[in-house]
Structure formats: C-alpha cells, structure tokens
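Just so you know, these numbers come straight off a predicted model, no measurement behind them. Position 1 is the first residue of the sequence, and the numbers go up from there. Computed from heavy atoms alone, side chains included, the values below leave out hydrogens, waters and symmetry copies.
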Amino acid sequence: MQVHSYLFFEGRCEEAIAFYEKVLGAKRGMLMRYGESPERCPEGMLPPGSDDKIMHGEFTIGDSMVMASDGMVSGKPKFDGFSLSVDFAEVASAEKAFHALADGGEVNMPLGETFFAKTFGMVKDRFGMNWMVIVPKEMPRG
C-alpha cells in the first residue's frame, strides 16, 4: 500500500509542474487533459475553454510520486492544513531549493539549524503550496 499526495492547482497545474521541474528536479510523468478524456465532464462543471487544462497529471520528486490536477479550474487553489516535506542530503542543495520555492511565494520560517536538522525551513510557493525543506541530523535512538 502507498499513499500519494494529490494536489489541485485550479488552473495552474501545468505551470506548477514546470516550476517544480526547474526548482526541485521533478520528472514529469503521465498527463491527461480534459479534452483528451474518453468521457466528457458534465455540462457546467468546468468553465468554457478548459479542454487544455490538466485533468490528471503525475510527477516525481526523487522517489516520491505526486499527482496533480487543475481540478474545477476555479482559479482559487487552497492548500491549507498540510505541507509537503522534502529532504536533502546537503545544506547547499536545501538552500538552493528553498530560495527557488520562495521566489514569488512567502517564507513562513527561514532556514536555520535546529535540534533535529542541519537546516530546516518552511515556505509557501507562488501557487500557495506549503513546503518544509530539511537536511535531517542523525538523531540518537533510545
């Protein structure tokens, strides 16, 4: 069994995937647009001109798959109450990704050393998606 995140970008999915390819090295997977679906959406479900919007998409960051969609193409994505956490092996890589994610977004907690991490920070990207960026420390067991 696996659990995957499914993100609804409400009209900005393709832009978001391209951004994550650039800043996190994401790899694009399967994409299906509403206009390619073998079944049409019910009348009035989507705004006119949504055929090119993404009905279902997949991308990977490292070994993790993330699924995404333009949803109802409302133009109002909401990513409240959760974050995606991405681990790095090196502080320099974490800093680069953090600052790239923050471009056009908002830093909620600047990167810095903590008792559990060589560096850790929280950022909301330009799409409203919350991220935690971390280079974990080896924690003693016991």
Side-chain angles (χ1 to χ4, degrees), residues 1-39 41-42 44-142:
M1 182 184 310
Q2 293 184 336
V3 175
H4 296 285
S5 299
Y6 206 116
L7 309 177
F8 294 90
F9 288 96
E10 295 301 327
R12 297 182 70 190
C13 187
E14 191 152 20
E15 179 187 355
I17 292 172
F19 179 70
Y20 301 141
E21 286 175 317
K22 179 181 173 188
V23 304
L24 295 173
K27 303 290 185 219
R28 188 178 300 228
M30 181 265 197
L31 287 180
M32 177 181 274
R33 299 179 188 282
Y34 284 106
E36 299 168 337
S37 174
E39 293 182 14
C41 290
M45 184 177 136
L46 300 172
S50 296
D51 278 356
D52 284 337
K53 294 298 182 181
I54 296 174
M55 185 173 102
H56 175 78
E58 300 171 355
F59 60 95
T60 56
I61 300 172
D63 293 330
S64 300
M65 182 175 66
V66 178
M67 293 184 271
S69 173
D70 277 313
M72 305 300 248
V73 195
S74 72
K76 301 174 191 163
K78 288 181 65 177
F79 298 111
D80 296 332
F82 73 97
S83 296
L84 296 182
S85 181
V86 60
D87 294 9
F88 290 88
E90 300 170 356
V91 171
S93 299
E95 288 173 343
K96 181 179 176 185
F98 184 87
H99 294 299
L101 287 166
D103 184 22
E106 174 184 343
V107 173
N108 296 321
M109 178 181 173
L111 279 174
E113 187 172 358
T114 70
F115 72 91
F116 59 86
K118 293 177 185 174
T119 195
F120 174 79
M122 297 186 298
V123 61
K124 180 180 287 194
D125 71 22
R126 63 181 68 176
F127 306 101
M129 183 65 236
N130 296 297
W131 294 89
M132 296 186 297
V133 174
I134 185 170
V135 177
K137 286 181 181 175
E138 288 273 331
M139 295 299 291
R141 305 238 181 233

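Checking side-chain atoms of N130 against main-chain N and O of F79 turns up a donor-acceptor pair under 3.5 Å.
Residues meeting the side chain to side chain donor-acceptor pair (under 3.5 Å) test with D125, sequence neighbours left out: Y20, W131. With sequence neighbours excluded, the residues satisfying salt bridge (charged side-chain N to carboxylate O under 4.0 Å, His left out) with E14 are R28, R33. With sequence neighbours left out, the side chain to side chain donor-acceptor pair (under 3.5 Å) criterion links E39 to no other residue.
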Using atom types as modelled, flag every donor-acceptor pair under 3.5 Å from a side chain in residues 53-72 to any protein atom, sequence neighbours excluded.
{"unit_1": "K53", "atom_1": "NZ", "unit_2": "G11", "atom_2": "O", "d": "2.8"}
{"unit_1": "H56", "atom_1": "ND1", "unit_2": "Y6", "atom_2": "OH", "d": "2.6"}
{"unit_1": "H56", "atom_1": "NE2", "unit_2": "E58", "atom_2": "OE2", "d": "3.0"}
{"unit_1": "S69", "atom_1": "OG", "unit_2": "I54", "atom_2": "O", "d": "3.3"}
{"unit_1": "S69", "atom_1": "OG", "unit_2": "M55", "atom_2": "O", "d": "2.9"}
{"unit_1": "S69", "atom_1": "OG", "unit_2": "G71", "atom_2": "N", "d": "2.8"}
{"unit_1": "D70", "atom_1": "OD1", "unit_2": "G11", "atom_2": "N", "d": "2.9"}
{"unit_1": "D70", "atom_1": "OD1", "unit_2": "R12", "atom_2": "N", "d": "2.9"}
{"unit_1": "D70", "atom_1": "OD1", "unit_2": "C13", "atom_2": "N", "d": "2.8"}
{"unit_1": "D70", "atom_1": "OD2", "unit_2": "I54", "atom_2": "N", "d": "2.7"}

Show every donor-acceptor pair shorter than 3.5 Å between a side-chain atom in residues 83-92 and any protein atom, with sequence neighbours excluded, or say none if there are none.
none

Under 3.5 Å, which donor-acceptor pairs link side chains of residues 98-114 to any protein atom two or more places apart or in another chain?
{"unit_1": "D103", "atom_1": "OD2", "unit_2": "R126", "atom_2": "NH2", "d": "3.4"}
{"unit_1": "E113", "atom_1": "OE2", "unit_2": "K137", "atom_2": "NZ", "d": "2.9"}
{"unit_1": "T114", "atom_1": "OG1", "unit_2": "F116", "atom_2": "N", "d": "3.2"}
{"unit_1": "T114", "atom_1": "OG1", "unit_2": "A117", "atom_2": "N", "d": "2.9"}

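Here F127 and F8 keep their ring centres 6.0 angstrom or further from each other.
Taking CD1 of I17 as the reference point, atom NZ of K27 lies at 14.0 Å (rounded to 0.5 Å).
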